[in-house]
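Here is the naming used below: chain letters follow the sequence lines, and residue numbers restart at 1 for every chain.
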Protein chains: 4
Amino acid sequence: MKEKDDKRARILDSALRVFADKGFFGAKVSDIAAEAGVADGTIYLYFKSKDDLLICLFEAQMTIITAELTSAMAGATDAPDKLRRFVRAYMKLVESNRRGAEVIAIELRQSAKFMKEYSNVRFTEFLKLTASVIDEGQRAGAFRADVPAPVAARALFGMLDELALMWVTARPGTAAKLDIARLPDWVTSIVLQGLERRTA
Amino acid sequence: MKEKDDKRARILDSALRVFADKGFFGAKVSDIAAEAGVADGTIYLYFKSKDDLLICLFEAQMTIITAELTSAMAGATDAPDKLRRFVRAYMKLVESNRRGAEVIAIELRQSAKFMKEYSNVRFTEFLKLTASVIDEGQRAGAFRADVPAPVAARALFGMLDELALMWVTARPGTAAKLDIARLPDWVTSIVLQGLERRTA
Amino acid sequence: MKEKDDKRARILDSALRVFADKGFFGAKVSDIAAEAGVADGTIYLYFKSKDDLLICLFEAQMTIITAELTSAMAGATDAPDKLRRFVRAYMKLVESNRRGAEVIAIELRQSAKFMKEYSNVRFTEFLKLTASVIDEGQRAGAFRADVPAPVAARALFGMLDELALMWVTARPGTAAKLDIARLPDWVTSIVLQGLERRTA
Amino acid sequence: MKEKDDKRARILDSALRVFADKGFFGAKVSDIAAEAGVADGTIYLYFKSKDDLLICLFEAQMTIITAELTSAMAGATDAPDKLRRFVRAYMKLVESNRRGAEVIAIELRQSAKFMKEYSNVRFTEFLKLTASVIDEGQRAGAFRADVPAPVAARALFGMLDELALMWVTARPGTAAKLDIARLPDWVTSIVLQGLERRTA
DNA sequence: CATGAATGAGACTTCATTCAT
DNA sequence: CATGAATGAAGTCTCATTCAT
């Protein structure tokens, strides 16, 4: 059981690297197998197809992210604090798991096409988590209530995702210029101020 | 000459439809040819390759978008007004050119991979346009200056792009729930407030 | 048009040879392509799949056989004479088109499995043709009427097919022993006598 | 020893079911293993290969058939009576062992290809048994002697096999029409009359 | 003896691209 | 310029067979 899970995890990990590196369509199953040190056919003992592999990878990543974000917000006092922690944790995740962010950011889009059937449960969960924080802030009077929480959540994700992509695809030379370390603060700041409730 | 341009344009237009419908990798060159009413080989008289077709399509779309946005901002009085018009024009473009938005939003990401070489001039131009508006606002004291304009521009694009994607991929039934018509206002509002300069 | 048909016919002909030689499952599409002197992909311009190739081949053969048998029976005076000509023409076809007979005899069976959906129209036609001759003889009082014509037809086909197979798979050495040339006469004789109506 | 034979028999029995159901090439070794309730690898402790499994299965079936037919003919008085019993016993075997008949009827043909080396001893034995009955009748003057016994035997087998196949593959609805129960009588009658010696 | 996870050769099929007409 | 039949490289996936446990 342990070994089996181990091998599955190894394949998933290799897929992450290869997908991040070459994109889903550019990646060959045999590349992933080679990276994982298993035979091509072995992939199919753990995953139904290449598509399934991507979906499972995506789900695994989203599960990690959601868990991480949830735990990051655990000790927060109020909604703005939660959001602050949320954003920081998200950017930290991107930083520590560059490839994961790449796959999420890049493949999620094209997946929208071929995963038409796939309801994308995990991503929906993630958006709900985000929306719930905003909703909480709206109810508490800390956030403006004129923008629906799901829309605000989606907008927030767009920002985070795009900035993550910017960070991830930045050429080493160019990247140096913009101070990555401060990205989380900037995002937090823009978002919090953008969502802040204005007292007449 | 006119006919030549006409045929090129027709192919580009067909490519837009097919790419939006099936994604870049899911689209067959022969699908595009059929859609355009030309022979498969004809595509190669106007474009070097399928990749080239995507790049040209992308550039054409970005050119349209940039032109449209520039003209939308023409009569603006100040930076916030410019930004307001910018956002509204962007969302209107998405609304009127759903397929174009789809290709930009979805294919840009995966293209990021295989277009590694492609310097993405038009997209950079677009970001510069956005950044220049923000920069202008910062210089005029209307926008906060603690966040670098390019980062803010990128964050703004992320929001717009994600919301466009939300709109574009929304299932007819679900879409009805969130009032699409008000999206531009919400985005404008969040962004303007988020970027606003706080007086002590 | 002529060339197109020509190529299709060439592929069909090669398929006949290769299927007869190696069996359907033992035959590789690339074998057939090589035999036909075309690229592998070309096969798929004319046939939907390997299965489709077999079905088309089968139909083509059955069409030829049915036509040949019909014309062979054209000048017959009565049912027994028709049947005599039928049997002789069938065995002659086997003799002159050994590979065709092989494919019919051998692949028809296993096809029964994977062609479940395929209604096998041509083969049904062939059986109907056979049955109609027997039925004619029964009505005319020349053949016994206690055995239903379709059953007798099927039995007749079984004999012809099995003897064809015997002939086709006979080792050169062994084949010499049994006088192939007389097979048609033997079959005819057995069948005609077997079906003959006994006058009280 | 008993258990070993038991497991071997169970595998053989499962193979019979699976081959009959899916055909030799459509059947997976793991299907057979699952059906038999053993591990995939276990198959290879009892059989050299999938091919070997088919050959053994075929031999086992032919042994059963030959034994059954021999015993059925035991109490016969003369050759025609033997043949009558032979045919009836054969059709009864088909009726009671539908799957066995299916495998024999369908797989024997395609096997003819890949079993080129396999001398098909049991089938030859079966044919010899059949031929010996006919030969006996010919010597006794009951059967016509102008057709060589081996040819007549082969023709008889063709009839039996084809009618068995008709019965086996008959769609439930269609099957009702032709009175299966009377098939043995029809066959017997045709054959006996067909082989009967005509007194000038 | 039994297991069943792993292997890896190889098949079918697709489709971007070419080039003779 | 236009055509579209032909190409053939390359990828996904299957499955008979093995072997360490």
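Side-chain contact between Arg8(A) and Phe47(A): present, with at least one pair of heavy atoms (C-beta onward) separated by less than 4.5 Å. With a 4.5 Å cut-off on side-chain heavy atoms, Ile11(D) and Leu53(D) count as touching. Between Ser49(D) and Asp52(D), the closest side-chain pair of non-hydrogen atoms falls below 4.5 Å.
Between Leu53(A) atom CG and dG11(F) atom P the separation is 16 Å, expressed in whole Å. Look at CD1 on Ile43(C): it is 14 Å from C1' on dA5(F), rounded to the nearest Å. The separation between Tyr46(B) atom OH and dA16(E) atom P is 20 Å, rounded to whole Å. Atom pair Asp31(C):CG and dC12(E):C1' shows a separation of 12 Å (rounding to whole Å applied). dT7(F) atom P lies 15 Å from atom CD1 of Ile32(C), rounded to whole Å. One interatomic measurement links the two molecules: CZ of Arg10(C) to C1' of dA6(F), which rounds to 11 Å at whole-angstrom precision.
The listed nucleotides are dA6(F), dT3(E), dC1(F); the one nearest the side chain of Ala39(D) is dT3(E).
Comment: Asp21(B) does not engage Arg17(B) in a salt bridge, judged by the lack of any side-chain N to carboxylate O separation of less than 4.0 angstrom.
Annotation: the span from Gln61(D) atom CD to Leu12(D) atom CG amounts to 8.0 Å, rounded to 0.5 Å. For the atom pair CG of Asp31(D) and NZ of Lys22(D), the computed distance is 3.5 Å after rounding to the nearest 0.5 Å.
Between the side chain of Arg10(A) and the backbone N or O of Ala36(A), at least one donor-acceptor pair lies under 3.5 Å. In terms of modelled atom types and a separation under 3.5 Å, the side chain of Thr42(D) and the main chain of Val38(D) share no donor-acceptor contact.
Ring planes of Phe19(A) and Phe24(A): tilted class, angle from 30 to 60°.
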Check: What one-letter contact string describes nucleotides 12-18 of chain F from 5' to 3', where B marks a base within less than 4.0 Å of any protein heavy atom, S marks contact via sugar-phosphate atoms alone, and - marks no contact?
Finding: SBBSSBB
Next item on the list: Return one dot-bracket line describing DNA chain E 5' to 3' (Watson-Crick or G-U wobble pairs, both distances under 3.5 Å; ( ) same strand, [ ] crossing, | another strand, . none).
Entry: .||||||||||||||||||||
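In terms of phosphate contacts, Lys7(B) brings no side-chain nitrogen or oxygen within less than 4.0 Å of OP1 or OP2 of dC1(F).
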